[in-house]
**Student:** 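One structure, as structure tokens, below. Some questions next.
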Amino acid sequence: MRGWEKVGSSRSNLGRAGSTVTTNRITSTVRLGRVEPQAPGHRNIFCNDREANFLVRFKGNSISTTKYNVLTFLPKGLFEQFRRVANLYFLTISILSTTPISPVSPITNVVPLSLVLLVSLIKEAFEDWKRFQNDMAINNASIDVLQGQKWVEIPWKKLQVGDIVKVKQDGFFPADLLFLASTNADGVCYIETANLDGETNLKIRKALEKTWDYLTPDKASEFKGEIQCEQPNNSLYTFTGNLIIQKQTIPLTPNQVLLRNFVLSVMLEKRMPRALEYCNGEKGCSLRNTEYIVGAVIFTGHETKVMMNSMNVPSKRSTLERKLDKLILTLFGALFLMCLIGAIGSAIFINRKYFYLGLTADVEDQFNPNNRFMVFILTFLTLITLYSTIIPISLYVSIEMIKFIQSTQFINKDLHMYHAETNTPASARTSNLNEELGQVEYIFSDKTGTLTRNLMEFFKCSIGGEVYGTGLTEIERGAAQRSGGNVGKAQKSPGLIHEKGFNFDDARLMCGAWRNEPNPDTCKEFFRCLAICHTVLPEGEESPEKITYQAASPDEAALVTAAKIFGFFFYRRTPTMVHVRESHVEKMGKVEDMSYEILNVLEFNSTRKRQSVVCRYPNGRIVLYCKGADTVIYERLADVGNELKNITREHLEQFGSAGLRTLCLAYRDLSSSLYESWNEKFIQAKSSLRDREKKVDEVAELIEKELTLIGCTAIEDKLQEGVPSCIETLSRAGIKIWVLTGDKMETAINIAYACSLINNDMKQFIISSETNEIRDAEDRGDQVEVARIIKDSVKKDLKKYLEEAQHYLRTVSGPKLALIIDGKCLMYALDPSLRAMLLNLSLNCTSVVCCRVSPLQKAQVASLVKKGARKITLSIGDGANDVSMIQAAHVGVGISGLEGMQAVMASDFAIAQFRFLSDLLLVHGRWSYHRICKVITYFFYKNLTFTLTQFWFNFQTGFSGQRFYDDWFQSLYNVIFTALPVVILGLFDKDVSAKLSKMYPELYKEGIRNAFFKKRVVGIWAFFSFYQSLVFYYFVSTSSSTSQNSGKMFGLWDVSTMAFTCAVVTVNLRLLLMCNSITKWHYVSVGGSILAWFLFIFVYSGFLIPRDQNNEFFVIYVLMSTIYFYLTLLLVPIAALFGDFVFQGVQRWFFPYDYQIVQEIHRHEPEHSSRMELLEIGPPLTPDEARSYAIAQLPREKSRHTGFAFDSPGYESFFASQAGVYVPQKAWDVARRASMMRSRPKLPPKS
Amino acid sequence: MSFKGGTSSEGSTDSAATKKSSKKPKYSKFTQQELPACKPILTPGWVITTFIAVGIVFIPIGLASLFASEHVVEIVHRYDEDCVPSDYSDNALAYIQSTETNKTCKRSITVPKQMKSPVYIYYELDNFYQNHRRYVKSRSDKQLRSKASESDTKDCDPEAVSKNGPIVPCGLIAWSLFNDTYRFSVNNSILEVSKKEIAWKSDQQYKFGSDVYPKNFQSEGLIGGAKLNESIPLSEQVDLIVWMRTAALPTFRKLYGKIEVDLEANDEISVVIQNNYNTYSFDGKKKLVLSTTSWIGGKNDFLGVAYLTVGGLCLFLAISFMLIYVFKPR
């Protein structure tokens, strides 16, 4: 502790401490003059020296992801709320209504506004509180820090830059650390970064040899290094810096950096609740297979790379919501018009002849006949406050609530979208876009991992010009069937080995038989290349049966597995060595453990498209093994043996057309002098601080040439379950599916065939850069020329195909069209001059396949359709390369489960399997769209109706702006009397069941056409609003103008209360009329709302309230004492709903929507519950589940009589038997149990 | 037994453990959106049935209402023009505003049918915007209710205070109180006009205080209408109470009183009207109305007609839909 107190004391005499540190620094900089020039901003960190670092004032390690604190909550929260136009509008209205020009008291607008704000603020506060708790939990997690000579536990938040920390096995890294030492020999540690980059393998990090010793506290306390490194930035995979230790400067690489836990931070930043629990349960970014490590803190808190990396993704808004904005604007227009009419009227009306209005000489401006313009202006403002209800204030809150429940309760918990194998339910990561799912017209899908399983199996290979492997892929089978051939089951060899990643069958290679092949040496190189050239980590016991491989990509694991089975068993990796147990040709049947020294690894990246390893054989031979995409390998082959190259290319094409993924293998023997001179350059490149990657790539280029081709591998990429049928369903729903893939054209086309995206009846338009003309141009090597030629040919193709397409479109039954384009051509086709043509052509095609596209191009294509065609788009993908596409489309869907979190993190919805898309779109999306449309139109209707009655009234009040209703009626109308039923509608309305939605995908087209929220629909609602408001006002006011049976007359407030009662009843009943399914909650909410009104008015008018005016006193009792009340209450709602009813009847009868037809076809079928199948799948039931299932299975009598809730037969005795009470058997009881036994054999029989 | 118990408990902990790690959503009717619901489908059959049902209910009600309304005897007599002497006919405003002129006006009304008691007397005003915003708010309910709030006149401008203090009752509504009076006689015998129970009870009992007396009312400046007897508390000033329940529309009737004897057909009723109230400045009509009531109240054809229209339309639509259904089924 003493050392720590020193830090505290040094603060008090800062000047002194500061001066010493500064001198230190100056001397060290001077001394280390030979350090390479650094980037303008860099930080110097003095390890294990808090005093020195104190001056620089690095940020602390505590993080805060909360939006507010206690003080800022109210101002900031309110500010956020008032950024919404609707709220701001109502604030303005509320302020206006406190002035004398207002006809209504402020409560009319203040009450609804405050209720809406209250609800929103409570939600904000609750979410922020959760975030705060998360932050606290993380900030207070403890970590061992070196203090003096021992480890002391302190909370994360107390950690400072330069501290030496100890992270134990399975622990999280509290900050970005410089890795110094580990308990493992040779200073490595293993970390898992599955959630960081989606790679499920363990990553090796290796400390600098210089620092290996600083492991124990007493040793570590001697560590006084200085770290010079880049300023905090958000690049996860780069790090440039130097460690200056014992007057030596050692370059640092990302390999020595341990990043703060990613998931945790991302989840926090995304404001996801329960981040900590999630992380503790999951494998996060944490230390594995290492007892503990020691590291120095480089970046802390918000400066850590992952925190810097957590971008604020702009939240997407749904198209429907943007249309809603237009509607609101229209309403503003209507409001303006109404106010204008009223204001003009009032300016004309006002006149001193109405002596009873007391318009004396000194009358206030609003009623001053001498200044009619002022009257006009002020009345205009008055009327705005009066008619403010035309804008539905609670609309946004209600919609938010509905969507929130839809996404958290319906989408997240849908058992149809739960994938048992990966234990992944669907997850809606935003609730903004539910209804957007119901309108999707274009789906952009990634291929690998989305359509296909990303389960790679070694399937075929070509070694030295000979093809091995006898299997047939699904695609080949499909192709054979299409061409009419009959392909039986392939003959399997008896000794067939099939394990994960290996599905290869050819006796010529198995069990060492390759030694008898014509070219065993090539075979040997082939297998060695497979066994050595990779970045795979072996895990578990070192025996061929038990070992598991951790690999960055499943292809790699499949290749290493293949090598293992062919007799080149890679079993151990150390930082410098790869150990392989080989069965050699020379020593028949014997195995020999060989260890190859790995001199350099030239890693794979998307620009290089290859990976090389330089290794030294035990006998000193230095070889570079390289594997990569055919194009890049062919460019780098030595100019000999063209025959092999051509044969192998043929094989490559053959594999490609079978839907297989290919890699070329090559090697190069290196002389040691050549290697040494190259290695020098390489090390230099590696330690450069600027553009390190680029330099390394350039240096790698120097050695990766004059390669000798060995052969190629072919890996099968399996289709996901249910993909073809899902695609078929979706295309029947009018959705067009585009496949955007990085794969070769042949592979892509074949996958498209396999997925039934393309079939033989389709006319295919292929725009490819693989034409002779382009190839020739490429061979000549003039880039400008190549570009020009490609552009011309693309233009020519586009023009030709477009004409053709238009020709087909004109013919009645032309074939369906498919467009296939590759990345290179796409680059030119996306050029502004050709873009329109491309769009035009592709929109006419049923399916589009883009192959060889980069992630950026995927995004470009998505936004081309989104912005160019203004269609609603959805992108689905699983990998990091799909992120841009997912963010570019209207809706982004991530495949969760196997690969990493990046696509999921960027997505709006995450599902486990492509096939769940049909549930997500056709069921949830469609329902959400229907519901939200209904909610919006209903809100529009109810507020317009209400406001129009006031408008009509105003015509008969001399345009004075007198309110028709009491203040409280008006303020509670939106928030109490009509609020709940519409929410219930938004949650439960269901036109056709989930099963029928999927059975008739065509129903989805109504959403694509936006059939339920277009101008005509809104117009019809407006018309009926108009009609109903006239009925409310004129029926009630006219019929009340004569005396009652006691001879007495009604006053204004009697009439208005009557009208309001009619309006509340009608508006609530109207809701029932628009429901497709009415649950008990509908009855409860509709009945409750009407009841709430009556309760309110009974209480409200029952007392004399200490207010200036008691207009409503006793009004309802006066009303109810007359027969008039009951006659009107029966007449007005029915007369008002008459129009709607006729319209609905006629519409359904003569112009039915598709869903209405389906409803009627299946109206007599009971809705088959999917309960059975849902419960059948997955692990056996828990007792609780069984119980809830059994309760759900209880017989439900269809009866008009609804009796006592527990009266239903079966209920009682069921619980009695659970509790062990004897209950006499009843006939139905036996039947029920029998059916239960049949459906659930796993359930133990009940005695 | 113990063995059995052991296994079962083991099993349950086991399943609890698997459940914890499983992210499988729990089944509930709510989350799976399988709540039992009735699914109304508006098929032609339902439409027709509903129309018939509405028609069957509405037409009798409409007929009954119309019948009751027809049964009411109502005499409407406009007198505002006729009660201006001919020499003032071009300048009715001067006539009504002058304090010198004789405002008494004699009219006679013939009873068309027998009118059973009670016969209600109304005055009907036209073009009188009792619902004007400036007018409606110009009152003080607190002041009307209790003596203590006498000076609570903030909404009452310009009739809030006089130089002697606050005006009770204040405000434009009270100030413009209707002040024509009617005296009836039939066959030279005077018909008593009863003012009992002409105001709603709740108004009289709770909204107008029995200890509040008119004060400084119509005492200065322009006189708007009737004066009040300062010795009678507001709760007994029934004309004021009736007047203060402001009307919804610019044309309205207010109850003036009751005649508690039957009027026979062809009786000549002579009315002596004190034509004091100024409706001439804004061209308002003044009418005297005598009316009996039935179970639905005064003469009110609207309800009956509306019921009949809606019911008739429903039946008509039902029949036409049925015809369509028969001749051109879907």
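Heavy atoms only: backbone and side chains are in, while hydrogens, waters and symmetry mates are out. Residue numbers start from 1 in every chain, and the chains themselves are labelled A, B, ... in the order their sequence lines are given, proteins ahead of strands.
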**Student:** Can you give me the closest heavy-atom contact between A/S960 and B/N131, atom names plus distance?
**Tutor:**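 Between these two residues, the closest heavy atoms are OG-O, 4.2 Å.
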**Student:** Between A/F955 and chain B, which part of the residue has a heavy atom less than 4.5 Å away: side chain, backbone, both or neither?
**Tutor:**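 Contact with chain B: none, neither part.
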**Student:** Between A/W1149 and B/F321, what is the ring plane arrangement, given parallel below 30°, perpendicular above 60°, and tilted in between?
**Tutor:**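 Answer is perpendicular, since the angle exceeds 60°.
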**Student:** What are the two closest heavy atoms between A/S1077 and B/A37, and how far apart are they?
**Tutor:**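 Heavy atoms only, the tightest pair is CB-CB, 3.8 Å.
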**Student:** Are B/R134 and A/V363 close enough that some pair of their side-chain heavy atoms sits under 4.5 Å apart?
**Tutor:**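 They are in side-chain contact.
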**Student:** Measure distances from A/I405 to the heavy atoms of chain B and classify the residue's part below 4.5 Å as side chain, backbone, both or neither.
**Tutor:**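 For A/I405, the side chain is the part near chain B, not the backbone.
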**Student:** Taking every non-hydrogen pair under 4.5 Å, which of A/Q1156, A/R963, A/E364 racks up the most with chain B?
**Tutor:**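 Heavy-atom pair counts peak at A/E364.
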**Student:** Could you check if a side-chain atom of A/H924 sits within less than 4.5 angstrom of a side-chain atom of B/Q33, using non-hydrogen atoms only?
**Tutor:**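 Heavy-atom side-chain distance check passes, below 4.5 Å.
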**Student:** How many angstroms lie between atom CG of B/D301 and atom OG1 of A/T1038, to the nearest 0.5 angstrom?
**Tutor:**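 Result: 12.5 Å between the selected atoms.
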**Student:** Only one of B/F178, B/F128, B/Y129 clears ring-ring contact (aromatic ring centres under 6.0 Å, His included) with A/Y356; which?
**Tutor:**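 Of the listed options, the one satisfying the test is B/F128.
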**Student:** May I ask you to decide if the ring planes of B/W200 and A/F1050 are parallel, tilted or perpendicular, using 30° and 60° as cut-offs?
**Tutor:**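 If you compare the ring of B/W200 with that of A/F1050, the planes turn out parallel.
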**Student:** Nearest heavy-atom pair of B/L255 and A/G1047: which atoms, and what distance?
**Tutor:**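 Closest heavy-atom pair between B/L255 and A/G1047: CD2-O, 3.5 Å.
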**Student:** Does any part of the side chain of A/V1118, heavy atoms only, come nearer than 4.5 Å to the side chain of B/K201, both counted from C-beta?
**Tutor:**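 No, side chains not in contact.
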**Student:** Mind checking the CG-OG1 spacing from A/L1137 to B/T50? Nearest 0.5 Å is all I need.
**Tutor:**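 Taking CG in A/L1137 and OG1 in B/T50, the distance rounds to 12.0 Å.
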**Student:** Is it the backbone or the side chain of A/S1056 that comes under 4.5 Å from a heavy atom of chain B, or both, or neither?
**Tutor:**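 For A/S1056, there is no contact with chain B at all, as no heavy atom is under 4.5 Å.
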**Student:** Which word best sums up how the rings of B/F51 and A/F1141 line up, parallel for under 30°, tilted for 30 to 60°, or perpendicular for over 60°?
**Tutor:**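 Correct class here is perpendicular.
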**Student:** Quick check on B/K137 against chain A: is it the side chain, the backbone, both or neither that has a heavy atom closer than 4.5 Å?
**Tutor:**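 It is both, since atoms from each part get that close.
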**Student:** Quick check against the 3.5 Å criterion: does B/Q32 have a side-chain atom that pairs as donor or acceptor with the backbone of A/K413?
**Tutor:**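 Such a contact is found between B/Q32 side chain and A/K413 backbone.
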**Student:** Less than 4.5 Å to any heavy atom of chain B: does that hold for the side chain of A/F355, its backbone, both, or neither?
**Tutor:**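 Both parts, backbone and side chain.
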**Student:** Using every non-hydrogen atom in the two residues, find where A/F953 and B/A248 come nearest and quote the distance to one decimal.
**Tutor:**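 For A/F953 versus B/A248, the nearest heavy atoms are CE1-O, 3.4 Å.
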**Student:** Side chain, backbone, both or neither: which part of B/P40 has a heavy atom under 4.5 Å from chain A?
**Tutor:**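 Both parts, backbone and side chain.
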**Student:** Contact part of A/N1076 toward chain B, heavy-atom cut-off under 4.5 Å: side chain, backbone, both or neither?
**Tutor:**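 Backbone only.
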**Student:** Hey, does the side chain of B/Y206 reach the backbone of A/F1114 with a donor-acceptor pair shorter than 3.5 angstrom?
**Tutor:**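 Between the backbone of A/F1114 and the side chain of B/Y206 there is no qualifying donor-acceptor contact (under 3.5 Å).
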**Student:** Are the side chain of A/S1039 and the backbone N or O of B/F302 linked by a donor-acceptor pair below 3.5 Å?
**Tutor:**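 The answer is no, because no donor-acceptor pair under 3.5 Å joins these two groups.
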**Student:** side-chain hydrogen bond (donor to acceptor under 3.5 Å, both in side chains) between B/Y120 and A/S1043: does it pass, once the steps are laid out?
**Tutor:** CA-CA 9 Å; B/Y120 295 97; A/S1043 61; over 6 Å; no
**Student:** I want to check something: taking the side chain as every heavy atom from C-beta on, are B/L249 and A/S1037 in contact at a cut-off of under 4.5 Å?
**Tutor:**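 When only atoms from C-beta onward are counted, A/S1037 and B/L249 do touch, with a gap below 4.5 Å.
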**Student:** Does any heavy atom of chain A fall under 4.5 Å from the side chain of B/K299, the backbone, both, or neither of them?
**Tutor:**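 For B/K299, the backbone is the part near chain A, not the side chain.
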**Student:** Is the shortest heavy-atom distance from the side chain of A/L1131 to the side chain of B/L303 under 4.5 Å?
**Tutor:**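 The answer is yes; the side chains approach within 4.5 Å.
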**Student:** Taking the six-membered ring for Trp and the single ring otherwise, decide whether the centroids of A/F410 and B/F30 are under 6.0 Å apart.
**Tutor:**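 Yes.
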**Student:** Measure the spacing between CE of A/M1074 and CG of B/L42 and express it to the nearest 0.5 Å.
**Tutor:**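 Answer rounded to 0.5 Å: 13.5 Å.
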**Student:** Can A/K1048 and B/E197 be counted as an ion pair, charged N to O under 4.0 angstrom?
**Tutor:**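 A salt bridge is absent here (no side-chain N lies under 4.0 Å from a carboxylate O).
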**Student:** Under 4.5 Å from any heavy atom of chain A, what part of B/T31 do you find: side chain, backbone, both or neither?
**Tutor:**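 Both parts, backbone and side chain.
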**Student:** Quick one: list whatever passes salt bridge (charged side-chain N to carboxylate O under 4.0 Å, His left out) with B/E124, sequence neighbours left out.
**Tutor:**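 Residues passing salt bridge (charged side-chain N to carboxylate O under 4.0 Å, His left out) with B/E124: B/R253, B/K287.
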**Student:** Between B/L172, B/V54, B/V310, which has the largest tally of heavy atom pairs under 4.5 Å with chain A?
**Tutor:**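 Option with the greatest count: B/L172.
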**Student:** Listed by chain and number, what are the salt bridge (charged side-chain N to carboxylate O under 4.0 Å, His left out) partners of A/K1080, not counting sequence neighbours?
**Tutor:**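 A/K1080 satisfies salt bridge (charged side-chain N to carboxylate O under 4.0 Å, His left out) with no residue once adjacent residues are dropped.
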**Student:** Any side-chain heavy atom of A/F349 within less than 4.5 Å of one from B/H132?
**Tutor:**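 Counting from C-beta outward, A/F349 and B/H132 do come under 4.5 Å.
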**Student:** A/D1054 versus B/R245: any side-chain heavy-atom pair under 4.5 Å?
**Tutor:**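 Side-chain contact under 4.5 Å: yes.
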**Student:** Which bit of A/N412 is near chain B, if near means a heavy-atom gap under 4.5 Å: side chain, backbone, both or neither?
**Tutor:**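 It is the backbone, since no side chain atom gets that close.
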**Student:** Is the side chain of B/K207 donor-acceptor paired with the backbone N or O of A/N1110 at a distance under 3.5 Å, no angle test?
**Tutor:**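 It does hold such a pair.
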**Student:** Are the side chains of B/C314 and A/F1138 in contact, using a 4.5 Å heavy-atom criterion?
**Tutor:**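 Yes; the side chains approach each other to less than 4.5 Å.
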**Student:** Identify which part of A/I350 has an atom lying under 4.5 Å from any heavy atom of chain B, answering side chain, backbone, both or neither.
**Tutor:**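 Side chain only.
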